[in-house]
Amino acid sequence: MNEPRARAHPVMNGWEGQFRKLDRAGWHPVEVNGVAQLYDTPEQALIAAYEAMNAYLFGRGILRDGEKASAEKSRAEELFNKVWPGKGRKPVEVVRR
């Protein structure tokens with residue numbers, strides 16, 4: 001069973017921070033815009049790995065509050081006026097109450 005872990009892995013010219021995801025096997029490097037990052041010390045790599053693992057597990061924080069999300073949903077309903085349940089199924093009309 002996968003457990004959340006982080007480590008500093010030595011690579012050529014530095015250290016790479018790596019962490020394990022709960023839903024995927026194997027170690028994943030700390031990446032910024034899809035590029036694995038190198039660090040000067042193992043402590044820096046380990047801290048970056050823990051921060052990346054934390055961000056993966058818990059997200060980057062609260063993105064919206066309820067009012068903004070409901071306003072966006074209303075805007076989408078105005079634009080499309082239908083909900084598409086899935087491929088090959090009939091659309092469901094949105095009814096306001």
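Across all their heavy atoms, P4 and L57 have their closest contact at CB-CD1, 4.2 Å.
Here R7 contributes atom CZ and R20 contributes atom CZ; the two are 9.0 Å apart, rounded to the nearest 0.5 Å. Note: M53 CE to K21 NZ = 12.5 Å, rounded to the nearest 0.5 Å.
In this structure, I47 is not a member of the same hydrophobic cluster as Y50, with clusters built from ILVMFWY side-chain heavy atoms closer than 4.5 Å. Clustering ILVMFWY residues whenever any of their side-chain heavy atoms sit less than 4.5 angstrom apart, transitively, puts L22 in the very cluster that holds Y56.
N54 is not listed as a side-chain neighbour of F19, based on a closest heavy-atom distance of 4.5 Å or more.
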Pairs of donor and acceptor atoms involving the side chains of residues 25-43, under 3.5 Å and at least two apart or interchain, shall be tabulated with distances.
| unit_1 | atom_1 | unit_2 | atom_2 | d |
| --- | --- | --- | --- | --- |
| Q37 | NE2 | V35 | O | 2.9 |
| T41 | OG1 | Q44 | N | 3.2 |

